[in-house]
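Whatever order the structure lists ligands and atoms in, that order sets their numbers, starting from 1.
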Amino acid sequence: MDPVTFSPPLYKQRYQFVIDLVKKYKPKKVVDLGCADCTLLWKLKFQTCIEVLAGVDINRAVITDKMYRLSPLPCEYLQPSERPLTIKLYQGSVAEKDPCTLGFDLASCIELIEHLETPVLEKFSEMVFGYMTPAIVIISTPNAEFNRLLPGLNGFRHKDHKFEWTKEEFQNWAQDVCSSYNYTVEFTGVGKGPPGTEDVGFCTQCGVFTRSYQSEGSLTADSCRDTEHSYKPIYNVVYPNLCDGTILRNTVISEVIYWAESIRKNMVECAQEDETVDNHSYQASSKSVPSVSNISQETCSTEEHVLTDTRGDNEAYKEGNTIFIPLAKLFSFSKVQKLCSSLDHLKAILSETSQVELNSDATAMILSAVEDIEEHAEACWDTSCLELGVALAECEEDWDEELCDS
Ligand SMILES: C[S@@+](CC[C@H](N)C(=O)[O-])C[C@H]1O[C@@H](n2cnc3c(N)ncnc32)[C@H](O)[C@@H]1O
Ligand SMILES: [Mg+2]
């Protein structure tokens with residue numbers, strides 16, 4: 001018999017199974033019980049519906065090994081998200097109740113239950129379905145019937161397994177849990193066997209449990225009061241997000257500096273180009289050089305966002321060595337508009353910071369047309385950070401999709 005292989009690997013199919021259910025139910029609060037090295041949590045953090053993500057495992061060392069990959073990426077500081085996200089990790093046993101496990105919409109328990117002794121499994125059922133009561137619980141465990149398709153397997157699939165159940169055994173246990181705790185369950189799985197082995201079922205069997213009643217907030221509050229903390233917090237990270245006023249202000253300022261620098265660069269380059277052309281024609285025809293304020297951005301710019309400027313009050317202009325960029329012009333960039341609810345809001349933010357200079361009636365941003373090398377280097381750094389942020393975010397999405405597809 002040819003060895004059975006899975007593509008993508010079975011563990012990735014299990015993670016994808018959870019991700020698909022998260023996409024379907026859009027839970028805000030998700031906990032992974034038996035989270036091990038946080039791989040599933042790391043994938044789940046990219047699901048934008050999730051605002052609180054928690055992981056619990058009895059083994060502290062396995063959690064801490066790679067937990068820092070759950071830290072925000074540089075681009076997540078540079079381009080903070082609109083959604084709040086907090087990630088928390090705890091060392092604790094799924095047999096113990098702890099108030100920090102309350103209030104979750106979805107709990108995943110991937111390849112966990114077969115590692116629990118019978119008395120622990122009973123406590124696990126009570127703790128998850130009777131105490132935590134998430135709206136959705138996903139449980140996966142090996143299907144013992146599939147083992148005959150795994151050549152060379154002598155006994156259980158892992159030395160720490162306390163049992164491996166047939167489909168009937170798993171389904172009986174799940175139905176008992178449902179009648180005790182008022183849930184319903186649907187069975188499915190991941191990892192198909194070769195053609196002709198359909199009766200064996202999936203390599204990993206899964207149960208998706210749905211709570212049959214509406215949750216009552218007061219129950220959660222009572223449970224919180226009545227239960228002692230038994231879990232040890234290991235990690236708690238709050239992602240930067242635009243609900244935080246300081247982060248919003250800094251993001252607006254960075255965005256404004258980015259566009260202002262693009263406009264300045266464009267105007268200076270246009271002026272230089274024009275001077276070159278004019279110097280030639282001056283020599284030929286003895287005409288005077290036109291002022292930079294007459295230069296059309298449309299004719300000079302290679303960047304679409306600058307090209308789209310409409311002539312009029314919103315136009316950036318130059319007086320001597322000073323460039324004036326009307327705030328209305330800066331507000332016309334869609335990202336700035338999205339961040340600031342109104343032009344007045346933008347004005348208020350820019351008036352309060354020393355990072356940008358405004359004219360006397362605070363209607364325009366002022367920049368020097370003469371390049372100060374240090375200042376310019378700083379601004380370029382800001383600009384490239386923003387660009388890097390966008391690139392990293394895109395790269396990260398591709399990377400995640402690739403992982404999910406593989
Ligand atoms: C086979 S691993 C599965 C890890 C992860 N869910 C996955 O699918 O990659 C089982 C995990 O359950 C954890 N575990 C075992 N007994 C536990 C208990 N009583 N409470 C919490 N976690 C437990 C183990 O430390 C281990 O990390
Ligand atoms: Mg296992």
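Residues lining ligand 1 at a heavy-atom distance below 4.0 Å are given as Tyr15, Gly34, Ala36, Asp57, Ile58, Asn59, Gly92, Ser93, Val94, Ile110, Glu111, Leu112, His115, Leu116, ordered by chain and residue number.
Side chains of Phe104 and Val52 form a contact here, defined as non-hydrogen atoms less than 4.5 Å apart.
In this structure Gln13 satisfies the side chain to side chain contact (heavy atoms under 4.5 Å, CB included) test together with Phe6, Pro8, Val190, sequence neighbours excluded. Residues passing the side-chain hydrogen bond (donor to acceptor under 3.5 Å, both in side chains) test with Gln175: none are found, sequence neighbours excluded.
Side chains of Arg14 and Ser140: no donor on one and acceptor on the other come within 3.5 Å.
Aromatic ring centres of Phe170 and Phe187 lie closer together than 6.0 Å.
Residue Leu358 comes nearest to Ala362 through the heavy atom pair CD1-CB, 3.9 Å, listed as atom of the first residue, atom of the second, then distance.
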Quiz item: Where do Thr39 and Arg69 land on the side chain to side chain donor-acceptor pair (under 3.5 Å) test, with the steps shown first?
Solution: CA-CA 9 Å; Thr39 305; Arg69 66 183 158 159; 2.9 Å; yes

Quiz item: Which is it for Asn359 and Thr363 under the side chain to side chain donor-acceptor pair (under 3.5 Å) test, yes or no, and what are the steps along the way?
Solution: CA-CA 7 Å; Asn359 61 355; Thr363 54; 3.0 Å; yes

Quiz item: Would Glu255 and Trp259 satisfy side chain to side chain donor-acceptor pair (under 3.5 Å), going step by step from the backbone distance to the final call?
Solution: CA-CA 6 Å; Glu255 196 67 28; Trp259 291 119; 3.1 Å; yes

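Around the Mg ion (ligand 2), protein N, O or S atoms at less than 2.8 Å comprise Glu114 OE2, His115 NE2, His161 NE2.
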